[in-house]
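To start, the structure itself, in structure tokens.
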Number of protein chains: 2
Amino acid sequence: MRIAEEGSRPTDRRAAPGRGTTVRATRQGDAVCAALTETDAFTSAQDLHALLRAQGTAVGLTTVYRHLQVLVDRGEVDMIRRDDGETVYRRCATEAHHHHLVCRECGRTVEIAGPEIEQWTATVAAAEGFVDVAHTVEIYGTCATCAAAAESTT
Amino acid sequence: MRIAEEGSRPTDRRAAPGRGTTVRATRQGDAVCAALTETDAFTSAQDLHALLRAQGTAVGLTTVYRHLQVLVDRGEVDMIRRDDGETVYRRCATEAHHHHLVCRECGRTVEIAGPEIEQWTATVAAAEGFVDVAHTVEIYGTCATCAAAAESTT
DNA sequence: CTGCATGCAAAATGTTTGCACTCTA
DNA sequence: TAGAGTGCAAACATTTTGCATGCAG
């Protein structure tokens, strides 16, 4: 069993809290942040890159990845791995622990808090003697809008 | 937003129910099944391949992937995507819907049923107007054994 | 001016596919 | 013997890294 080695590298740099990506304000950094703020859906680095490019803001794919990574490390952005393997990112309203209800059509996402779930996972894990517990809970479905659209098409 | 295209290809072939991988019994197919049955942990195709090879059973990596895919399609094997991107497989006791409590050290897994979770996700999704709902719930932690081992090492 | 940030090209992963060959039924 | 199964090599897709250059502070 392989465990991803967590880099304890000196990424201790912290920029002006509130805005910004890394220590410096750059056109690219702002662009990534902006693009991420504008969309409500979980977006992949590739899509984000294409989006920026189409929008006229030229940013290297590498740079997009790097900024996303920093934002995730900083907890400003949520990251989940889609079933097809792509990693998707989203700027969530709360930095507190929460889960997502994602529309599999349009990607629109609703943040949900579930005290009962936290409780349940903790209980279950404890019952089996597990410690240092974490969990992933994501709900996928079709939102009302997309369902209606599909309906009218059919 | 890209949705993985579900192959509705003519994989309608069904072998003797109970054992087997595909329609024919082969050394490789049996080996993959056996290896999967022997371990209690979620295992990646790569690890499974290495395992078989080390064990003396030469099987191509491609073949391992193909058998795993078939087994998953058939519902005989559970598949989840690890955080680091690798897809891991496991033969579960029940083919019914359930979740997993996975030890992040040794990979040992406990299958858990959570009626309250099913209930909760359905309720939450419905409240937001989502239909055709599915969910993923996995709990990760360190099992008692591994925790004890870590303890004595420290 | 200093050195963080950028981005191209190339490497690394993990997984899938084309195709000729093998072996089961 | 027919064709499912196998496996090598190559294609793929996504993400990461090396390195020379550019720009913010």
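Sequence lines set the chain letters: A, B, ... in the order given, protein chains first and strands last, and positions in each chain run from 1. Below, all heavy atoms of this structure are taken into account, side chains as well, without hydrogens, waters or symmetry copies. These figures come from a predicted structure and were not determined experimentally.
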Mind calculating the distance between [atom1] ([X]) and [atom2] ([N]) to the nearest angstrom?
{"X": "A:Glu86", "N": "D:dT14", "atom1": "CD", "atom2": "C1'", "answer": "7 Å"}
{"X": "A:Arg24", "N": "D:dA24", "atom1": "CZ", "atom2": "C1'", "answer": "5 Å"}
{"X": "A:Leu52", "N": "C:dG7", "atom1": "CG", "atom2": "C1'", "answer": "14 Å"}
{"X": "B:Leu48", "N": "C:dG14", "atom1": "CG", "atom2": "P", "answer": "15 Å"}
{"X": "A:Asp83", "N": "C:dT15", "atom1": "CG", "atom2": "P", "answer": "13 Å"}
{"X": "B:Asp47", "N": "C:dT13", "atom1": "CG", "atom2": "C1'", "answer": "13 Å"}
{"X": "B:Gln69", "N": "D:dT6", "atom1": "CD", "atom2": "C1'", "answer": "15 Å"}
{"X": "B:Gln46", "N": "C:dT15", "atom1": "CD", "atom2": "C1'", "answer": "8 Å"}

>> Under a 4.0 Å threshold between the charged nitrogen and the carboxylate oxygen, would B:Arg81 count as salt-bridged to A:Asp84?
In response: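 No, A:Asp84 and B:Arg81 are not salt-bridged.
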>> Between B:Glu38 and B:Arg91, does any side-chain N to carboxylate O distance fall below 4.0 Å?
In response: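 No salt bridge links B:Glu38 with B:Arg91.
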> Taking the side chain of B:His67 as heavy atoms from C-beta outward, which of D:dT6, D:dT17, D:dG7 is closest to it?
Replying inline: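 So the side chain of B:His67 is nearest to D:dT6.
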>> Looking only at the side chain of B:Val59 (C-beta and beyond, no hydrogens), which of the listed nucleotides C:dT6, D:dG7, C:dA25 gets closest?
In response: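 Selected nucleotide: D:dG7.
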[N] OP1/OP2 closer than 4.0 Å to side-chain N/O of [X]:
{"X": "B:Thr87", "N": "C:dT15", "answer": "yes"}
{"X": "A:Tyr65", "N": "D:dT15", "answer": "yes"}
{"X": "A:His49", "N": "D:dT14", "answer": "no"}
{"X": "B:Thr26", "N": "D:dG5", "answer": "no"}
{"X": "A:Gln28", "N": "C:dA5", "answer": "no"}

>> Please check: side-chain N/O of A:Thr121 versus main-chain N/O of A:Ile117, any donor-acceptor pairing under 3.5 Å?
In response: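 Side chain of A:Thr121 to backbone of A:Ile117: a pair is present.
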> When you measure from the side chain of A:Thr62 to the backbone N and O of A:Gly60, does any donor-acceptor pair fall under 3.5 Å?
Replying inline: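 Not a single qualifying donor-acceptor pair exists.
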> Is A:Gln119 atom CD crowded by more than 12 heavy atoms from other residues, nucleotides or ligands, each under 6.0 Å away?
Replying inline: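 No - once you tally the heavy atoms of other residues, nucleotides and ligands closer than 6.0 Å, there are 12 at most.
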>> Check the orientation of A:His97 and A:His135. Use parallel for under 30°, tilted for 30 to 60°, and perpendicular for over 60°.
In response: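 Aromatic pair A:His97/A:His135 classed perpendicular.
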> Through what angle, rounded to 10 degrees, does the axis of the helix from C:dC1-D:dG25 to C:dA25-D:dT1 turn between its ends, using five pairs per end?
Replying inline: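 So the angle between the two local helix axes works out to 30°.
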>> Return whichever of B:Arg27 or B:Arg81 has its heavy-atom-nearest nucleotide of DNA chain C closer to the 5' end.
In response: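 So the residue in question is B:Arg81.
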> Side chains of B:Gln55 and B:Thr57: donor-acceptor distance under 3.5 Å anywhere?
Replying inline: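 Indeed, the side chains of B:Gln55 and B:Thr57 share at least one donor-acceptor pair under 3.5 Å.
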